[in-house]
Chemist: 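To start, I am sharing the structure in question, which I have written as structure tokens.
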There are 2 protein chains.
Amino acid sequence: MKLSERQLQILQAIIYDYVENAEPVGSRSIAKKYDFGVSPATIRNEMSDLEDMGYLTHPHTSAGRVPSDKAYRLYVDDLMQKRSLSAKEKRFINERLAANRDEFDQTIRHAAKLLSEITQLTSFVMTPTTNQDTISFVKLLPADEETVILMIVGDSGRIMNTSLRIDNSYSKDVLDILSKNITVNYKGRTLDEVLQSEIVKEASSDIETLNSLIGKVRPTFIKTLEDMLDVNLYMEGMTNIFDIPEYSSIDKAKAFLEIFSKREEFTRKILERGDGVVVTIGDENDSMEDCSLITATYHVDGKLVGKIGVIGPTRMKYDEITSIIEYFTKNLNETFKLTDGKDK
Amino acid sequence: MKLSERQLQILQAIIYDYVENAEPVGSRSIAKKYDFGVSPATIRNEMSDLEDMGYLTHPHTSAGRVPSDKAYRLYVDDLMQKRSLSAKEKRFINERLAANRDEFDQTIRHAAKLLSEITQLTSFVMTPTTNQDTISFVKLLPADEETVILMIVGDSGRIMNTSLRIDNSYSKDVLDILSKNITVNYKGRTLDEVLQSEIVKEASSDIETLNSLIGKVRPTFIKTLEDMLDVNLYMEGMTNIFDIPEYSSIDKAKAFLEIFSKREEFTRKILERGDGVVVTIGDENDSMEDCSLITATYHVDGKLVGKIGVIGPTRMKYDEITSIIEYFTKNLNETFKLTDGKDK
DNA sequence: GTTAGCACTCGTTGCTTAAGAGTGCTAACT
DNA sequence: AGTTAGCACTCTTAAGCAACGAGTGCTAAC
């Protein structure tokens, strides 16, 4: 059943009011504050209909109405209009983000901090996933008598290197041969493929010394690949939730914070989300039914994809926050456009 | 004024009871539960004296007594006896810690998790400080046409390497010369010294190409040194505090969790603490008056020093927890005794 | 020095009452 | 048919109050 124009307006007014005041909104206050030219009784009837359709709920008989997840979904999809940031707001964000551009992890973490500061919610950032990155070349470099450096360079420009100690030293030639061997084998494959496949365990050679070297390098090679695949998750502004009425009971606060104790699970969920700005509301998040999540993707070098987002109660300013996050990703994309290849 | 034997016993009983039940303890219950052979009235008199001496406080007139920070301090210093863990407990810890010895950060993080699980408090670990580590040698390695790897090896065996891209390629010879230059300059100095001193900015040469190279390497060199000095802090079991009566009010919980939002500050405070098992109670921790902290140091390769600890309300089982933490450090020392030099 | 006895304090619990916000229904109005 | 006024009803919240209980502090006797 379609909603009438007036019902949409009333619903929007209720959402607006509830988001603002965090309290069930009654027919009288709607009629008073928003000029619909009708009496509270009429509003009441409409509200009753909206409730029947599942857009509103009742905490108890004699309380005002509260928007349901379905209402927020409707609002996000159809009703809300993206609020473009004012020049002043943009300038503020730009300045604050520009102040800290030293190191990659530092930079995005700083962005998360700023995001939580602006939204007054809990925010998080994730370093880019590199499982779609392909191997450009692999090189073993002699460092000193007992140390060899393993370097893996991805086509994205990312470089990882790990030092490994091996007891008897190998000649540069042997290292070069193995380097080329590995490179030939894996060039163009994604890190994921290389790790998933069994090839990494099969590689062998006819030459004795080479074989012994392979045995020593393999674990480090695998480990370095795994390290390259790891994403880091940073959370900021966790204590902000204490100022939100929704989490003013200990139980609620605890449930909320426990989400972040299960880091791996949370990380996985965020990784699964689609590109661009994604909003999930209440029920739509399994195991976080009382929260809404807004995430967005940013790009490094136009390729690797990281995530940034906020998490808060379903009652949040979706219009404002999506706009802000969108602007953040624009800024980050710009910042990481011409990034040089230094690792992490 | 010295406490009488009986006063000490009563104080100990009060501490024991309060730690157990988290409720002000009255004279009657002490007289009943612990057999002092005197009446509640006598206990009451002693309690009154203990209060005058600052060992007990009164929430309000008609409530029982609560141990003060001073009482806990006395308890920790003189009264408590270290509880050595049972073979079963030791075995449990050993098994759980052995299960995860892959990577350094992973291992200590796992230890923190276990520690918070056992103590039901919030725990943390810190990776070792390396500012007393001295430089063994520095080496620049050519990787490909546009990439050079900078490797810094510490006397502790720790190796850090960073790749840097430089536009025009330098010959292996030039890199070698610079490597030797740097090594000669900084060998034997601590990372801290090198960073603190101005030397790092002064280094220059007569040869033109070398100078241009130095200019390009310097920022990376400094940055890598800084990276080596960085300690990582991991916290586990934050949500445990919600089950502790002391933090059952939102305000208290918030105050507690805000400690961890100020990561840098917290890290600094932990770093300042002495070696071995250190207990600080309430007031003794500035800006965390309502908490007690127990930390201990663990060693890597018998040299580098990291920290592990718990934080909770002043009302905690000092005897048990110090023993557990001590055992943890023993285990960690053992684990990291023969560690190989792989970075981090 | 120890103890019993007792008045007193203070927080907690449970109960009642009143106020207030809001609904839902009905009957009247346009 | 849609809108509205009126009103009974529901439910939450706050305030007030009495009863209870745990515990102290003091005094006088042992």
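Order of the sequence lines sets the chain letters (A, B, ...), proteins ahead of strands, with each chain counted from 1. Below, all heavy atoms of this structure are taken into account, side chains as well, without hydrogens, waters or symmetry copies.
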Chemist: Side chain of B:Arg28, base of D:dG23: donor and acceptor closer than 3.5 Å?
Modeler: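 No.
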Chemist: In whole Å, what is the span from the CG atom of A:Asp49 to the P atom of C:dG24?
Modeler: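 So the CG-P distance, A:Asp49 to C:dG24, works out to 11 Å.
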Chemist: Want to settle it: does B:Ala41 or B:Ser62 sit nearer the 5' end of DNA chain C, counting the closest nucleotide to each?
Modeler: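 Looking at the nearest nucleotide for each, B:Ala41 comes out on the 5' side.
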Chemist: Can you confirm if the aromatic rings of A:Tyr234 and A:Phe124 lie within a centre distance of less than 6.0 Å?
Modeler: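 Ring-ring flag for A:Phe124/A:Tyr234: false, centres at least 6.0 Å apart.
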Chemist: As an exercise, state the distance from CD of B:Glu20 to NZ of B:Lys33, rounded to the nearest 0.5 Å.
Modeler: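 Taking CD in B:Glu20 and NZ in B:Lys33, the distance rounds to 8.5 Å.
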Chemist: Over how many whole Å does the gap from B:Lys33 atom NZ to D:dA22 atom P extend?
Modeler: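 Result: 13 Å.
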Chemist: Please name the nucleotide paired to D:dT27 by Watson-Crick or G-U wobble geometry with both distances under 3.5 Å, or report none.
Modeler: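 C:dA4 - that is the nucleotide pairing with D:dT27, both distances being under 3.5 Å.
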Chemist: Hey, does the side chain of A:Thr61 come within less than 4.0 Å of D:dC9's phosphate (OP1/OP2), counting only N and O?
Modeler: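 No, no such contact exists.
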Chemist: Between B:Glu51 (CD) and D:dT24 (C1'), how many Å, whole number?
Modeler: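 Taking CD of B:Glu51 and C1' of D:dT24, I get 10 Å after rounding.
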Chemist: Once you round it to whole Å, what is the distance between P of C:dG22 and CZ of A:Arg44?
Modeler: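 Checked: the CZ to P distance equals 10 Å.
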Chemist: Check the distance between C:dT3's P and B:Ile43's CD1 and give it to me in whole angstrom.
Modeler: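 Computing the B:Ile43:CD1 to C:dT3:P distance gives 9 Å.
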Chemist: Ignoring backbone atoms, establish whether A:Thr42 has a side-chain N or O less than 4.0 Å from OP1 or OP2 of D:dT4.
Modeler: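 Yes, within the criterion.
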Chemist: Once you round to the nearest 0.5 Å, how far does CE of A:Met126 lie from CZ of A:Arg273?
Modeler: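 A:Met126 atom CE to A:Arg273 atom CZ measures 10.0 Å (nearest 0.5 Å).
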Chemist: Tell me the partner of D:dA18, counting only Watson-Crick (N1-N3 plus N6-O4 or O6-N4) or G-U wobble (N1-O2 and O6-N3) with both under 3.5 Å; none if nothing fits.
Modeler: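 Paired with C:dT13.
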Chemist: C:dT2 P sits how many Å from B:Ile10 CD1, rounded?
Modeler: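 Answer to the nearest Å: 10 Å.
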Chemist: If you draw a 6.0 Å radius around NZ in A:Lys252, do more than 12 non-hydrogen atoms from other residues or ligands fall strictly inside?
Modeler: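 Incorrect, the count does not exceed 12.
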Chemist: If I take atom CG in residue A:Asn45 and atom P in nucleotide C:dC25, what distance separates them, rounded to the nearest angstrom?
Modeler: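 These atoms are roughly 10 Å apart.
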Chemist: Within less than 4.0 Å of OP1 or OP2 of C:dT2, is there a side-chain N or O belonging to B:Arg6?
Modeler: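 Yes, because at least one side-chain N or O of B:Arg6 sits under 4.0 Å from OP1 or OP2 of C:dT2.
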Chemist: Just compare D:dA5, D:dT12, D:dG25 and give me whichever is closest to any side-chain atom of A:Ser39.
Modeler: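 For A:Ser39, the side-chain atoms sit closest to D:dA5.
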Chemist: Hey, does the side chain of A:Arg65 come within less than 4.0 Å of C:dT23's phosphate (OP1/OP2), counting only N and O?
Modeler: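 Yes.
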Chemist: Quick check on A:Tyr16: does its OH atom have over 12 non-hydrogen neighbours (other residues, nucleotides or ligands) under 6.0 Å away?
Modeler: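 No, not enclosed.
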Chemist: Reckon B:Ser29 touches a base, only the sugar-phosphate, or nothing at all at heavy-atom distances under 4.0 Å?
Modeler: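 Since no nucleic acid heavy atom lies under 4.0 Å of B:Ser29, the category is nothing.
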Chemist: Whole angstrom is fine here: how far is it from CD in B:Glu46 over to P in D:dT24?
Modeler: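 In whole Å, D:dT24 P and B:Glu46 CD are 14 Å from each other.
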